[in-house]
Amino acid sequence: MTSPITFVLVHGAWHDGQSWNRVAPLLTAQGHRVFTPSLTGHGDKTHLLSPETGLTTHTDDVVGLILDHDLNGIVLVGHSYAGMVISNVANRVPERISRLVYIDAMVPTHGENAIDVMPLTRVLIDRAADGAQPWRIPPLPEAPAPLGLFGVTDPDDIAWLKTTLTDESVLCFEQPADMSNPAQAVIPRAHILCIGNEPNGVTRRPVPKLQPNGTPSRVHTLNTGHDAMLTRPAELSALLLETA
């Protein structure tokens, strides 16, 4: 039997920790330890959303969890926008992280923000600027199949997902990633890409052939929509164990 692994699963923009409800039990059933925090402004922290909520806030959320529970040897997983978050966390506490896993995620370099990584984010910010609260970006709307809502197309799943989605602060997308600590570059990384029905206008930045530590990049694919943790939880869980 393999040694238990500690996973910290970080949700993407607009989502909350409940997005991992189908993945976490599959990992814990095999003896692993799993944390699925909701970032500030989401889930049980929805009421804390403010114009000052940003990437730094979300980095503090995850670093605080790691330190409060004295976690080490972590497989730190980020979905979508949380690729920015886990990159920042790795810069802060690299000695506690054994691997980074990016699921259909933004992958910044030092000094880049979410707009740099995915320019479409600027469109969302500009749209929000016309609203009564220009610092709040509402969740993306449901699209006709096969796109659905964040790639989720089952009507019951869409209905549930809508109950969990909340606004994101513009600052989350504007603050740059800090990857200045050389120790973060040593951490192995893996990438899981969701393919098959990407929305028009969304261009995924290619994964570099080499990881920052100089070894070949590990890239896996899932033929599913963006929210793979809802649409393909068993396959995603297996990949997380494989990459760990």
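In this structure the side chain of F173 reaches within 4.5 angstrom of the side chain of I125, judged on heavy atoms. Inter-residue side-chain proximity for V23 and L9 is flagged as met; some heavy-atom pair is nearer than 4.5 Å. With a 4.5 Å cut-off on side-chain heavy atoms, L120 and R122 do not count as touching. Taking the side chain as every heavy atom from C-beta outward, H58 and T53 approach each other to under 4.5 Å. The side-chain heavy atoms of F7 and I74, taken from C-beta on, include no pair separated by under 4.5 Å. With a 4.5 Å cut-off on side-chain heavy atoms, V75 and V8 do not count as touching. Side-chain contact between V101 and I192 is present, with at least one heavy-atom pair separated by less than 4.5 Å. Two residues are said to be in side-chain contact when any heavy atoms from C-beta on lie closer than 4.5 Å; L49 and T166 fail this criterion.
Scanning both residues, D116 and R205, for their nearest heavy atoms gives O-NH2, 3.4 Å. Residue A114 comes nearest to T121 through the heavy atom pair O-OG1, 3.7 Å, listed as atom of the first residue, atom of the second, then distance. Scanning both residues, R96 and L67, for their nearest heavy atoms gives NE-CD2, 3.5 Å. In terms of heavy atoms, S38 sits closest to G43 at OG-CA, 3.9 Å. The nearest pair of heavy atoms linking H11 to P37 is CD2-O, 3.3 Å. Of all heavy-atom pairs between T40 and D61, the closest is N-OD2, 2.7 Å.
Each of V10, V117, T59 was compared with M84 under the side chain to side chain contact (heavy atoms under 4.5 Å, CB included) criterion, and only V117 meets it.
Not a single donor-acceptor pair under 3.5 Å links the side chain of S217 to the backbone N or O of V219. In terms of modelled atom types and a separation under 3.5 Å, the side chain of T221 and the main chain of L193 share no donor-acceptor contact. With D104 contributing its side chain and C194 its backbone, the two residues share a donor-acceptor pair below 3.5 Å. Within the 3.5 Å criterion, the main-chain N or O of G73 finds a donor-acceptor partner in the side chain of S98.
Both L71 and L39 are assigned to one and the same hydrophobic cluster, defined by single-linkage of ILVMFWY side chains at heavy-atom distances under 4.5 Å. No continuous path of ILVMFWY side-chain contacts below 4.5 Å connects L48 to W14, so the two sit in separate hydrophobic clusters. No continuous path of hydrophobic side-chain contacts links I195 to M106 [ILVMFWY only; heavy atoms under 4.5 Å]. V63 and I187 fall within a single hydrophobic cluster, where Ile, Leu, Val, Met, Phe, Trp and Tyr are joined by side-chain heavy atoms under 4.5 Å apart, directly or via other members. Under the 4.5 Å side-chain heavy-atom criterion for grouping Ile, Leu, Val, Met, Phe, Trp and Tyr, M229 is connected to L222 within one hydrophobic cluster.
A salt bridge does not link K45 to D16: none of the charged nitrogens lies less than 4.0 Å from a carboxylate oxygen.
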Test side chain to side chain contact (heavy atoms under 4.5 Å, CB included) applied to H69 and L65, step by step
CA-CA 6 Å; H69 292 272; L65 172 79; 3.4 Å; yes
Yes or no on side chain to side chain contact (heavy atoms under 4.5 Å, CB included) for I86 and V62, after CA distance, side-chain angles and deciding distance?
CA-CA 8 Å; I86 67 171; V62 180; over 6 Å; no
So R99 and I97, side chain to side chain contact (heavy atoms under 4.5 Å, CB included) or not? Walk me through it.
CA-CA 6 Å; R99 184 172 300 277; I97 300 167; 5.7 Å; no
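Between H79 and H226, the ring-plane angle classifies as tilted under the 30° and 60° cut-offs.
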Side-chain polar contacts of residues 129-144 - donor-acceptor pairs under 3.5 angstrom, sequence neighbours left out - could you list them?
| unit_1 | atom_1 | unit_2 | atom_2 | d |
| --- | --- | --- | --- | --- |
| R136 | NE | D167 | OD2 | 2.9 |
| R136 | NH2 | D167 | OD2 | 3.4 |
| E142 | OE1 | K162 | NZ | 3.0 |

Distance-only donor-acceptor hits, side chain of residues 149-161, under 3.5 Å, sequence neighbours excluded:
| unit_1 | atom_1 | unit_2 | atom_2 | d |
| --- | --- | --- | --- | --- |
| D154 | OD2 | D156 | N | 3.0 |
| D154 | OD2 | D157 | N | 3.0 |
| D157 | OD1 | R22 | NH2 | 2.6 |
| D157 | OD2 | R22 | NH1 | 3.2 |

Compile the donor-acceptor pairs under 3.5 Å between side chains in residues 235-244 and protein atoms, sequence neighbours left out, one pair per line.
| unit_1 | atom_1 | unit_2 | atom_2 | d |
| --- | --- | --- | --- | --- |
| S237 | OG | P233 | O | 2.7 |
| T243 | OG1 | L239 | O | 3.1 |
| T243 | OG1 | L240 | O | 3.0 |

Mind listing the side-chain donor-acceptor pairs of residues 175-184 below 3.5 Å, one per line with the distance, residues two or more places apart or on another chain?
| unit_1 | atom_1 | unit_2 | atom_2 | d |
| --- | --- | --- | --- | --- |
| Q175 | OE1 | L55 | N | 2.8 |
| Q175 | OE1 | T56 | N | 2.8 |
| Q175 | OE1 | T56 | OG1 | 3.3 |
| D178 | OD1 | S180 | N | 3.1 |
| D178 | OD1 | S180 | OG | 2.7 |
| N181 | OD1 | A183 | N | 3.0 |
| N181 | ND2 | N91 | O | 3.1 |
| Q184 | OE1 | R189 | NH2 | 2.7 |
| Q184 | NE2 | M179 | O | 3.2 |

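Between Y81 and H15, the gap from one ring centroid to the other reaches at least 6.0 Å.
The side-chain contact (heavy atoms from CB on, under 4.5 Å) check on V107 picks up Y102, H191, with sequence neighbours excluded. With sequence neighbours left out, H110 forms a ring-ring contact (aromatic ring centres under 6.0 Å, His included) with no residue at all.
The CG atom of D227 sits 10.0 Å away from atom CD1 of I103, with the distance rounded to the nearest 0.5 Å. For the atom pair L27 CG and I5 CD1, the distance stands at 8.5 Å (nearest 0.5 Å).
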